Engineer: 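Could you have a look at this structure, given as structure tokens, before my questions?
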Amino acid sequence: MDAKILSKAYDPRAVEDKWYAFWMERGYFKADTHSTKIPYSIVIPPPNITGSLHMGHALNNTLQDIVIRFKRMQGFNTLWMPGTDHAGIATQNVVEKKLSEEGIDRHGLGREKFIERVWQWKEQYGGVITKQLKKLGASCDWSRERFTMDEGLSEAVREVFVRLYQEDLIYKGNYIINWCPRCRTALSELEVEYEEESGKLYHLAYPLKGGERSVTVVTTRPETMLGDTAVAVHPQDDRYHKLIGERVILPVLHREIPIIADEYVDTDFGSGALKVTPAHDVNDFEIGLAHGLEMVKVIDEDGKMTREAGPYRGMDRFECRKRVIGDFERDGTLLKVDSYRHNVGHCYRCKTIIEPTLSKQWFVRTKPLAEAAIQAVKDGRTKIVPPVWEKTYFEWMNNIRDWCISRQIWWGHRIPAWYCEECDETIVSREEPHSCTRCGKRELRQEADVLDTWFSSALWPFSTLGWPEETEELKVFYPTSVLVTGFDILFFWVARMMMMGVRFMGNVPFRDVYIHALVRDIQGRKMSKSRGNVIDPVMVMEEYGTDAFRFTLAAFAAQGRDICLSEERIEGYRHFANKIWNASRFSLSTLADFPGITHEIDLHEMSLANRWILSRFNETVREVTAALEEYRFNEGAQAIYHFIWHEFCDWFLELIKPVLYGKDDPQERAVTQYVLIRVLDGALRVLHPFMPFITEEIWQRLPHEGKAIMIADFPQYNAGLKDEEALVDMDLVMRTIWGIRNIRGEMDIAPHKRLDVSLLAERAEVRDRLEQYRTYITHLARINSLSFITSGEKPRDAATTVLGDVEIFIPMAKDMHLGGEVRRLEKEVQKVHKELEIADRKLSNDEFISKAPAEIVEKVKAKKDALLIRDRKLTESLGKILEIGDPDGPGA
RNA sequence: AGGCACGUAGCUCAGGGGGAGAGCGCUACCUUGACGCGGUAGAAGUCGGCGGUUCGAAACCGCCCGUGCCUACCA
């Protein structure tokens with residue numbers, strides 16, 4: 001490899017894997033528990049082992065990597081803790097499906113064998129997502145990688161479970177829960193997704209006992225009538241007041257059930273009489289408890305009707321619905337069927353319709369835990385960014401309900417509870433007990449259920465650091481510095497980590513929570529496999545390069561707004577990578593003979609270009625640093641993008657070319673080379689957190705000190721380096737060049753044609769400056785001869801433009817279009833008049849003069865004066881052209 | 001039903017009480033010794049609508065329309 005010569009275009013493929021391996025080999029990602037540096041830590045939101053990288057992961061991990069690389073370069077002792085999640089239901093489903101392809105049923109295999117198969121599966125495929133994270137450039141400390149089912153993390157789970165149980169914050173009880181008949185497990189209320197669907201509202205007549213009359217109830221789920229144990233009406237409802245205490249005969253089953261009064265009933269809905277099915281409806285369950293109603297389960301774990309359903313026994317719940325309706329219709333007791341839109345709950349894993357079912361489950365009593373977690377955010381011990389999410393957090397935490405943590409699956413942390421076969425005692429213990437703590441019998445049976453995956457995820461910030469052991473890692477890195485995550489798991493995960501962290505560590509799990517957006521498709525829709533609108537990040541990385549992809553994500557990551565990813569933007573940033581590459585290629589080619597600078601250089605002795613770029617770079621450092629510290633990734637990305645492309649490349653490199661190519665001033669050339677390398681080096685450092693690969697590749701080829709840009713110092717803003725004079729002077733130079741280029745463009749003068757330009761500056765200091773910087777102007781505006789004239793020497797036949805203090809004249813050659821110049825000037829004059837009008841309107845308003853701040857008034861006045869001058873000069877020029885003759889005549 | 005965002009150039013999006021911005025796209029010209037994944041110039045927007053606050057609103061407030069999301073739940 002020739003260290004100095006770069007290929008013409010940047011090729012990410014030749015670069016990315018090489019540097020990632022380099023960083024890994026050198027151990028640059030590793031955290032150090034004995035470091036004296038200030039710690040800065042992040043725990044990764046652990047992706048599911050079944051997963052592969054999607055856009056959400058890509059965004060989430062790119063942002064974390066930007067932060068951790070930034071902090072690492074700033075000199076913090078950084079830890080980015082990686083790992084994966086065992087994802088109980090999802091993983092079990094995946095492995096079950098695979099087994100069924102082999103014709104194996106998990107029940108036939110047995111629990112132990114099945115779990116073995118899951119571990120095998122994990123060994124084989126579980127590493128996919130970590131490989132992809134590495135491709136993304138994630139600088140995690142992989143030597144510490146954890147998995148929620150690891151021995152250590154499992155110990156943490158048991159410890160937490162036992163303690164919460166002993167403190168009566170975990171209990172087992174018979175409650176109504178959300179049941180997925182396909183996954184055959186209970187779900188927490190967060191794992192149910194509600195979707196509006198069109199259904200039917202059936203009006204059913206229940207005959208009153210002893211008489212011809214009946215009561216009408218309405219339901220969307222007629223099959224549940226088999227489990228009805230009451231009809232409820234509102235106590236103040238005149239229509240039904242007299243019926244309270246009477247009984248109805250439940251059709252089909254001919255069971256007698258009471259009419260009860262409960263304020264829950266909405267008199268305006270349907271008939272105002274509510275059928276009560278305590279075993280299959282959340283609200284009915286509450287009513288059932290309050291009134292001591294019988295609870296009859298008519299639907300089983302598979303979604304089939306139980307023995308209690310009488311003639312419908314064994315039937316699927318939806319088949320049963322049809323049959324019940326048919327039977328009511330036949331009896332003439334189906335009074336009415338309305339179309340009805342309502343929300344139906346679905347399993348978040350398999351989309352099966354949820355069946356609320358009475359079931360014996362384990363719960364966490366969340367209220368006491370939530371209070372402390374709410375307080376932590378109120379106190380500002382944890383800050384949620386952007387703050388709008390704090391409201392959502394409080395809202396949910398204040399209305400939190402007990403958390404159903406038991407799952408009837410096999411893959412997961414088995415609940416550390418045992419039952420005595422003899423006396424039915426429940427024993428909760430860290431280790432497997434040998435005998436019953438009450439009766440001493442040795443026949444014990446472990447609880448079959450496992451814990452909700454989120455239970456172990458809730459411990460992630462401290463379990464990964466070694467808890468319950470008192471480790472150095474915990475001392476150094478807990479609380480973590482920031483958690484970066486999407487709002488979709490704010491409740492699932494963030495809130496629960498807060499509760500557990502505060503409870504078991506006595507301190508919040510993270511100082512900041514940065515909530516980023518969701519990545520959507522170009523039409524703003526969620527990306528999903530079923531919609532077929534997913535963009536695969538791995539393919540994007542291969543096509544455009546990882547750096548371009550990462551930069552796109554950062555540039556899109558404005559707070560509080562979702563990201564609609566567009567490939568055009570990614571392509572744009574691939575061009576940016578190429579731009580950097582070529583700027584570096586140029587720089588390297590001119591640095592070959594750089595003699596090095598051994599002495600201090602006085603800033604004030606430098607050329608304008610050098611002073612200007614140093615000042616602008618310093619400012620860019622300030623902007624990017626501030627942006628990253630406040631998680632304004634898009635603003636940071638924009639600042640460095642603008643600096644590199646539009647200041648460093650467009651202006652600085654062009655300005656210094658004559659010096660670099662010329663041989664007449666070796667001293668000036670050496671100084672310029674020095675500034676060039678310093679600024680390029682600095683810009684690469686600032687860019688590194690966003691684009692780690694290309695910056696490392698280039699930096700390693702530049703003259704440098706240190707082993708890698710990855711561990712180099714992030715540039716620091718220095719207020720003393722601000723060079724106001726250079727900025728002002730450069731502004732004059734730039735505006736003059738723009739003015740000349742504008743005429744060239746508008747007048748259709750060929751870009752390569754060298755022009756004769758006259759400048760008129762009435763103020764001597766402006767003229768002196770222009771004179772001083774004439775090489776910049778002649779070079780960048782491609783000028784043949786540049787002369788300075790006085791107002792008496794204005795040429796008649798010249799294209800002209802007016803800047804603030806400078807008038808530009810370009811003599812018109814025979815082949816130039818007079819008419820074009822006239823139109824151009826007229827357009828300018830019109831613009832000026834429009835602005836004058838606005839300024840006049842303001843200045844003639846007394847209230848503006850008296851109430852607006854003086855500086856604003858002054859500004860408008862100054863603007864008006866400038867506009868007037870401009871107007872006069874433009875009109876003058878226009879007049880001169882018109883004097884020459886017919887603008888559309890022969891000259892045109 | 002309640003809540004929260006968002007509506008700015010053809011597209012994707014920044015910005016945010018006193019001069020409407022970027023990227024892509026578009027038009028014209030250009031093999032200028034880093035880059036055509038480039039350069040230079042240009043066209044393009046009643047900043048969703050209507051009111052209000054203010055000397056001044058695209059920005060702040062209210063209402064409306066549109067879009068998206070979240071939460072809750074209606075048997």
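Every chain is numbered from 1 and lettered A, B, ... according to where its sequence line falls, protein lines coming before strand lines. On a predicted model such as this, the values are computed, not experimentally measured, just so you know.
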Engineer: Would you indicate what A/F491 reaches in the nucleic acid, counting non-hydrogen atoms under 4.0 angstrom: base, sugar-phosphate, or nothing?
Structural biologist: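 Sugar-phosphate, no base atom in range.
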
Engineer: Tell me which nucleotide among B/G23, B/A41, B/C74 gets nearest to the side chain of A/Y340.
Structural biologist: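 For A/Y340, the side-chain atoms sit closest to B/C74.
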
Engineer: Looking only at atom P, what distance separates B/A44 and B/U27, rounded to whole Å?
Structural biologist: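 The answer is 16 Å between these two P atoms.
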
Engineer: C1' atom, B/G45 versus B/C11: distance in rounded Å?
Structural biologist: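 Result for the C1' pair: 14 Å, nearest Å.
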
Engineer: Hey, are A/E197 and A/H346 close enough side-chain-wise for a donor-acceptor pair under 3.5 Å?
Structural biologist: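 Looking only at side-chain atoms, A/E197 and A/H346 do form a donor-acceptor pair, the distance falling under 3.5 Å.
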
Engineer: Can you check whether A/Y641 and A/W645 have ring centres sitting under 6.0 Å from each other?
Structural biologist: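 Yes; A/W645 has its ring centre under 6.0 Å from that of A/Y641.
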
Engineer: Give the rounded distance in Å between these two atoms: CD1 of A/I400 and C1' of B/U71.
Structural biologist: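 Rounded to whole Å, this separation is 14 Å.
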
Engineer: Classify the nucleic acid contact of A/E571 as base, sugar-phosphate or nothing, counting any heavy atom under 4.0 Å across all strands shown.
Structural biologist: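 Nothing, no heavy atom under 4.0 Å.
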
Engineer: Test side chain to side chain contact (heavy atoms under 4.5 Å, CB included) on A/V624 and A/F643 and set out the steps.
Structural biologist: CA-CA 11 Å; A/V624 175; A/F643 175 77; over 6 Å; no

Engineer: Please name the nucleotide paired to B/U46 by Watson-Crick or G-U wobble geometry with both distances under 3.5 Å, or report none.
Structural biologist: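 Because no pair has both required distances under 3.5 Å, B/U46 counts as unpaired.
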
Engineer: Can you measure A/K851 atom NZ to B/G17 atom C1' for me and round it to whole angstrom units?
Structural biologist: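 Computing the A/K851:NZ to B/G17:C1' distance gives 16 Å.
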
Engineer: Report the relative orientation of the aromatic rings in A/Y573 and A/F576; use parallel for angles under 30°, tilted for 30 to 60°, perpendicular for over 60°.
Structural biologist: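 Answer is perpendicular, since the angle exceeds 60°.
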
Engineer: According to a strict under-4.0 Å criterion, is A/Y573 in side-chain N/O contact with OP1 or OP2 of B/C24?
Structural biologist: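 Result: no.
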
Engineer: In whole Å, what separates the C1' atom of B/C50 from that of B/C13?
Structural biologist: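 To the nearest whole Å, 27 Å.
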
Engineer: Whole angstrom is fine here: how far is it from CG in A/D266 over to P in B/A1?
Structural biologist: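 Checked: the CG to P distance equals 14 Å.
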
Engineer: Between B/C4 and B/A58, how many Å separate the two P atoms, rounded to a whole number?
Structural biologist: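 About 25 Å, rounded to a whole number of Å.
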
Engineer: Both A/H342 and A/R744 contact RNA chain B. Which one's nearest nucleotide lies toward the 5' end?
Structural biologist: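 On the 5' side of the pair lies A/R744.
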
Engineer: Do nucleotides 32-39 of chain B as a string where each nucleotide becomes B, S or -: B if the base has a protein heavy atom under 4.0 Å, S if just the sugar-phosphate does, - if no protein is that close.
Structural biologist: SBBBSBSS

Engineer: Could you state the NZ-C1' distance from A/K842 to B/G17, rounded to the nearest angstrom?
Structural biologist: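 Interatomic distance, NZ of A/K842 to C1' of B/G17: 11 Å.
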
Engineer: Give one of base, sugar-phosphate or nothing for A/Y264, where a contact means two heavy atoms less than 4.0 Å apart.
Structural biologist: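 Sugar-phosphate: the residue A/Y264, judged by heavy atoms under 4.0 Å, touches backbone atoms but no base.
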
Engineer: Name the residue from A/I740, A/T801, A/T800 that meets the side chain to side chain contact (heavy atoms under 4.5 Å, CB included) definition with A/I810.
Structural biologist: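 The passing option is A/I740.
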
Engineer: For B/C37 and B/G23, measure between their C1' atoms and round to the nearest Å.
Structural biologist: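 Straight-line distance between the two C1' atoms is 14 Å.
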
Engineer: With both distances under 3.5 Å as the test, what is the Watson-Crick or G-U wobble partner of B/U31?
Structural biologist: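 When the pairing criteria are applied, nothing turns out to pair with B/U31, so the answer is none.
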
Engineer: Quick one: does any side-chain atom of A/H280 pair with a main-chain N or O of A/I299 as donor and acceptor, under 3.5 Å?
Structural biologist: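 Yes.
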
Engineer: How far, in whole Å, is B/G19 from B/C47 if one measures between their C1' atoms?
Structural biologist: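 The same atom, C1', in both gives a distance of 15 Å.
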
Engineer: Do A/F551 and A/F690 have ring centres separated by under 6.0 Å?
Structural biologist: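 Yes, close enough.
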
Engineer: Between B/G18 atom C1' and A/I849 atom CD1, what is the distance in whole Å?
Structural biologist: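 To the nearest whole Å, that distance equals 13 Å.
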
Engineer: A/N845 side chain: which of B/A75, B/C55, B/A14 is closest?
Structural biologist: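 Shortest atom-to-atom distance from the side chain points to B/C55.
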
Engineer: Across the strands shown, which category fits A/R401 at heavy-atom distances under 4.0 angstrom: base, sugar-phosphate, nothing?
Structural biologist: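 Answer is sugar-phosphate: A/R401 comes under 4.0 Å of backbone atoms only.
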
Engineer: May I ask which nucleotide in the shown strands pairs with B/G2, Watson-Crick or G-U wobble, both distances under 3.5 Å?
Structural biologist: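 Pairing partner: B/C70.
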
Engineer: Please report, rounded to the nearest Å, how far the P atom of B/C13 is from the CZ atom of A/F556.
Structural biologist: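 That distance rounds to 6 Å.
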
Engineer: If B/A57 has a Watson-Crick or G-U wobble mate with both distances under 3.5 Å, name it; if not, just say none.
Structural biologist: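 The answer is none; no pair meets the criterion.
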
Engineer: Would you kindly compare A/A232 and A/L190 by the position of their nearest RNA chain B nucleotide and give the one closer to the 5′ end?
Structural biologist: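 Upstream on the strand: A/L190.
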
Engineer: Checking side-chain polar atoms at under 3.5 Å, does A/Y348 have a donor or acceptor matched by the opposite partner on A/E193?
Structural biologist: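 Absent: no donor and acceptor within the cut-off.
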
Engineer: Expressed in angstrom and rounded to an integer, what is the separation of A/D284 atom CG from B/C73 atom P?
Structural biologist: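 After rounding, the reported distance stands at 13 Å.
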
Engineer: Any idea which of B/G19, B/A75, B/C4 is nearest the A/E835 side chain?
Structural biologist: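 The answer is B/G19, which lies nearest to the side chain.
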
Engineer: Taking N and O atoms by type only, does the side chain of A/N343 place a donor or acceptor under 3.5 Å from a partner on the base of B/C73?
Structural biologist: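 Flag set: donor-acceptor pair detected.
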
Engineer: Tell me what A/N742 touches on the nucleic acid: a base, only sugar-phosphate, or nothing, going by heavy atoms under 4.0 Å.
Structural biologist: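 Contact class for A/N742: sugar-phosphate only.
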
Engineer: If pairing requires Watson-Crick or G-U wobble contacts with both distances under 3.5 Å, which nucleotide is the partner of B/G21?
Structural biologist: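 B/C13 is the nucleotide pairing with B/G21.
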
Engineer: Could you please name the partner base of B/G7, counting Watson-Crick and G-U wobble pairs only when both distances are under 3.5 Å?
Structural biologist: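 Base partner found: B/C65.
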
Engineer: Counting the atoms with a prime plus P, OP1 and OP2 as sugar-phosphate, which does A/E635 contact under 4.0 Å by heavy atoms, base, sugar-phosphate, or nothing?
Structural biologist: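 Answer is sugar-phosphate: A/E635 comes under 4.0 Å of backbone atoms only.
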
Engineer: Is A/T220 touching bases, backbone alone, or none of the nucleic acid, heavy atoms closer than 4.0 Å?
Structural biologist: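 Sugar-phosphate only.
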
Engineer: Taking the same atom, C1', in B/A43 and in B/C35, what whole-Å distance lies between them?
Structural biologist: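 Their C1' atoms lie roughly 26 Å apart.
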
Engineer: Mind checking the P distance from B/A72 to B/C26? Whole angstroms is fine.
Structural biologist: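 Each nucleotide's P atom is 47 Å from the other's.
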
Engineer: Test your reading of the model: is there a side-chain donor-acceptor pair from A/N742 to the backbone of A/W738, 3.5 Å cut-off?
Structural biologist: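 Such a contact is absent between A/N742 side chain and A/W738 backbone.
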
Engineer: Spell out, as yes or no, whether a donor-acceptor pair under 3.5 Å connects the side chain of A/R744 to the backbone of A/R782.
Structural biologist: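 Yes, because the side chain of A/R744 sits within donor-acceptor range (under 3.5 Å) of the backbone of A/R782.
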
Engineer: Of the nucleotides B/A75, B/C55, B/C69, which has the atom closest to the A/F487 side chain?
Structural biologist: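 Of the options given, the side chain of A/F487 lies nearest B/C69.
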
Engineer: Whole Å only: how far is the CG atom of A/L553 from the P atom of B/A14?
Structural biologist: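 It is 14 Å, rounded to the nearest whole Å.
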
Engineer: Checking the side chain of A/N398 only, and the main-chain atoms of A/F394 only, is there a donor and an acceptor separated by less than 3.5 Å?
Structural biologist: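 Yes, A/N398 side chain to A/F394 backbone: donor-acceptor pair under 3.5 Å.
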
Engineer: Base, sugar-phosphate, or nothing for A/V276, non-hydrogen atoms under 4.0 angstrom?
Structural biologist: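 Since no nucleic acid heavy atom lies under 4.0 Å of A/V276, the category is nothing.
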
